[in-house]
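Written out below as structure tokens is the structure these notes cover.
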Amino acid sequence: MIINEWTYWIAITQLKGWRIEAVNKLVVNIFHEQKSSFEEIFSLERNELSNRYNLNEKECLDIINLKEELPNYSFLAEDLKSQGFEIIPINSPDYSPTLKENLKLKSSPTVIYIKGNRKILMEKSIAIVGSREADDISLEFTDNVAKKASKEFKVIVSGFAKGVDRQALESAMKYTGQSIIVLPQGVLTFGSGYQKYYQQIVNGDVLVLSVFHPKAQWASGLAMARNPIIYALAHEIYVAQSSDSGGTWHGVIDGLRKGREIFVRKPEPNEKNANQLLIQRGAIPVDLHGEIQESKKYIENAIEEKYIFKEHHKTKAVAEPDIVEKIFGILKTGSYTSAEIIQKAQLNWKPGQLTKFLKEQNNVRMSDSTPKRFTIVGEQSETLF
Amino acid sequence: MNREQAEQILSKTFCIDKFYDTQWEVIKRLLIGERILLIEKTGFGKSLCFQFTATQLSGTTIIFSPLIALMRDQVNKLNSLGIPVRCINSNQELEENNEIIAEAIAGNIKILYIAPERMENIDWLASTRQMNISMVVIDEAHCISNWGHDFRPAYRRIINLVNLLPISFPVLACTATATLRVEEDIKNQIGNINYTYRGNLLRENFRLFVIKVETEEEKMAWLGKNLNNLPGTGLIYTGTRVNTEIYSRWLKYLGIESKNYSADLDADQRKEVELGLLENRWKCIVSTNALGMGIDKPDIGFIIHTQIPESPIHYYQEIGRAGRNGDKTFIILFYNPNADDDLPIYFIENHKPVITKYYKVIEALKRSRLGENDIIREANLKKTEIRVIKADLIDQSIINEVLDGRSKKYEYRFDAPELNYSAFDEIMQHKQRDFRKIREYIYTYDCRMKYLTDYLGDNLKGKCNKCDNDTNNVKVVDFYEDWKEKIETFQESYYPQLEVKALHTKLQSGFAAAYYGFSNVGKTIHKCKYKNKGDFPDSLLNITIKAFNANFKSTDFDLLLYVPPTESGDLVRNFASKLARELKIKISHSLHKSKPTKPQKIFQSSLMKSENLKGVFIYENQSEINGKKILLIDDIWDSGASMKEIGKYLTSLGAEKIVPLVIAKTVGGDV
Ligand SMILES: [Zn+2]
């Protein structure tokens, strides 16, 4: 990877109002269709840009404006390089093929930021997901699956949340397997996390990865936005414990909708969680050791499905990482109504949809006034550790 | 903008009528976003190239410069022209720096001077993301190069930055001293340089002399006799800190106003000396090369070296600041073939720590992520060594310097390559070659200016017709006998100072009777301490009494204490007892160590030395100390850690004043 291009790569992810897909298409356009370079596109005048790259007026203007900010991104890129981080762009042979395969051009992050052994991205991988407040049996399951995976040289993808996530990571280390920590924040704000996993990073057993702006602080919105990345980085997904809402639930439902195979721990009869519901929705039941169970109840489940879907259709609003980051970027600068945010971020959301999303974020405060205004409650309202 | 328009603006803004052709060429290229390397001698007007360009660009130009004094002068000059220029540096309060950064972000600053080290500062890095940056200038660009005479690791991050800047962003690197080799290296490292300008390096107003002598005393005699006849004020470079002190005190002894300057001074003291130099407060400043390029004084009348530098390029750089106004200036190099090679050869051979020390650091960092002090403890190495090693390991991509919150930590890279130690050997051979070249300068019978400029890559036609060889005016010291007595009297009355800079202590600066390495003092102490030759002889007692009388005769001490021993038994106790009897000061034997300590000399860093002693000293009848003036005795002052720790302790017991007095002061690792 040519380090000299880091500046441009960071910059294009910051194009205001651009969705991931649009940025990725620009990349394809520059490198594959035009066989050109960043240097060239940033040297073009507006009419050349619109002719050669088929961009509309606003898009041309965005790129021309971005040119002014390039030196600023050079400083950021230098900081990253100097601190031992790497940027892997979507067209790099080092980019995770699994991620690209699962998210396609539409939502594969244009760049990923890493520290550690990048070769881990090429290995077979599994994610073990589940609730932050998991029961002992779920943690035992997680440990079993992590042990098996490590034995088979599969990489564990962890979201670094409490509960199942953390157990998966600890177990991977216990069995000297490899793991990827997918951060709900930028790589430059992980602080003492690097201290904690220092030995594993040095040995090449842990890769720290983020898809957000390197300086982004932890936020629950980013944590939500990170979940699809975890699922997409993994070849196999195991669910230890899910409730009937929240990140795990939505992640699995989304995965099933996209036709992915997802393995769910078959719960004991008295467990109060939604594992059974997920199995009924099409997830594959596995036992406490992660082995597939022959289920006689498949058909029964299918019949029940309609009823269950009705009961659980009140899903949370989910947003893609780039959108979430944009929304939070705007909220940091003041307090706004949903309509204002939609306009600023140029989202194709309905105000109601955004209001619902914002209400679910625990670090966003809503005013009592009408219309409702939203703002951030301090930059680090919650810590990870 | 054409040249005519530019010169109109020039005369309005800078009160200068015309550009030199090269200046305009550089400006023209910068304005269209090119990358330029500019090698021109001091006084050419390199700064105008970027200063003018900066005023014509929208946004802030960032100038990396290692020379705080020079930055300050430039800032004042430009502000007086009404150009908004500021400087961020570590000598300013955090608040002031933050205000300047805020102004720059608000777009109110045209030129911002910063030190290269600032690239490691978290606040600075955060602010760079918000500024509108229009150009980057790398001043003293030779500091980029390992092959130069003044390689500075802090430039590494500037190189990284420049390589990450968009290709059409204007960058100017300038230097007054670059050999062809260094020029090549700068070009390789910066990359994509559109054009290099190299001017001629001949300084027409220089009068170059070499004076060969047989002893250090002959240099002293020559200076005593001739210094006042040299024009104006100037600089004497001595090579070591100790010699700055000795020469400066020698000149004062003769009634010639002088001031010493070295890295030992703190920022305020430095500022004071630099200001005094500008105001011609002294005939000369006696300095190590810590003072130098940073001085923006146009009328330096002479630059004298009492010590041969490491290479012709070191020399050319150090004399570069003389006579910028074009007046005649005297450039004199003393050389004593019997002794003067030792220092540069020592520096050349020890320019890198031994390979095992590198591995100590690597192994420590493989085990854990550490800060600088942690590495010093883990590896038991000197801070200066750790700094060199760290910089090299970062350069070779073996470790990273990272920020953990606000503190710097060092990490081993998981895919780190093997240490390439042989790269350093190559640099050492290069340095040895360079040293042979400066010795050739001493012995040449040809034009000295031609010798220097040819070495730098110039091709001077003919000679300067002004140096000692060209004018057949070779100086010799044939009058030493007349000065012998004066110099001996001075030497006998000379007592090295023991400097105490710490706050919150009643410990004051004291004196040693002699330097450890001078005459036989060190050898005598060593024999008694390590070869069981019995008590310190009366000769040592006598010089110590003389040192006391010369410096403290008027002080009434209440109590004489001595540093309790680690390994030398009763030597210091017996010595202190004799001294107390002679000086008629009451002695106390009540200062002890509460637990055994390790000998200080096994610790390499002053950090570990002081940690070895923390809380170790204890005094039996503590109330006895309150309000007392105490004379504190020891045999050797090395880092001074023991005496400083005792000073702190006695201060806490209410001592009014504590003054250290020792037999010998070491100079950089004698013992
Ligand atoms: Zn000459």
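Numbered from 1 within each chain, the chains take letters A, B, ... in sequence-line order.
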Where the side chain of [X] meets the backbone of [Y], is there a donor-acceptor pair that is under 3.5 Å apart?
X: A/Asn72; Y: B/Asn132; value: no
X: A/Tyr198; Y: B/Tyr412; value: yes
X: A/Glu69; Y: B/Gln130; value: no

Side-chain heavy atoms of [X] within contact of [Y], under 4.5 Å:
X: B/Asn163; Y: A/Lys81; result: no
X: A/Ser82; Y: B/Glu120; result: no
X: A/Tyr8; Y: B/Pro166; result: yes
X: A/Tyr194; Y: B/Asp404; result: no

Most chain A-contacting option - heavy-atom pairs closer than 4.5 Å, from [options]:
options: B/Val136, B/Val162, B/Leu165; answer: B/Leu165
options: B/Arg413, B/Arg156, B/Met119; answer: B/Met119
options: B/Ala416, B/Ser368, B/Gly405; answer: B/Ser368

To the nearest 0.5 Å, how far apart are [atom1] in [X] and [atom2] in [Y]?
X: A/Gln199; Y: B/Arg369; atom1: CD; atom2: CZ; result: 12.5 Å
X: B/Asn400; Y: A/Phe85; atom1: CG; atom2: CZ; result: 8.5 Å
X: A/Leu76; Y: B/Leu161; atom1: CG; atom2: CG; result: 11.5 Å
X: A/Ile10; Y: B/Arg129; atom1: CD1; atom2: CZ; result: 9.0 Å

Sort [X] into side chain, backbone, both or neither according to what part of it lies under 4.5 angstrom from a heavy atom of chain A.
X: B/Arg367; answer: backbone
X: B/Glu411; answer: both
X: B/Phe169; answer: side chain
X: B/Ile394; answer: neither

Point to revise | A/Phe75 and B/Ile62: CA distance, side-chain angles, deciding distance, side-chain contact (heavy atoms from CB on, under 4.5 Å) verdict | key: CA-CA 12 Å; A/Phe75 277 91; B/Ile62 292 172; 4.0 Å; yes
Check your understanding: Should B/Thr128 and A/Glu78 be marked as a side-chain contact (heavy atoms from CB on, under 4.5 Å) after you check the CA-CA gap, both sets of side-chain angles, and the distance that decides it?
Key -> CA-CA 11 Å; B/Thr128 54; A/Glu78 193 282 330; over 6 Å; no
Point to revise | Taking every non-hydrogen atom, the tightest pair across A/Val202 and B/Lys366 | key: CG1-O, 4.4 Å
Review point. Is it true that B/Asp415 and A/Lys119 have a side-chain N and a carboxylate O under 4.0 angstrom from each other?
Key: no
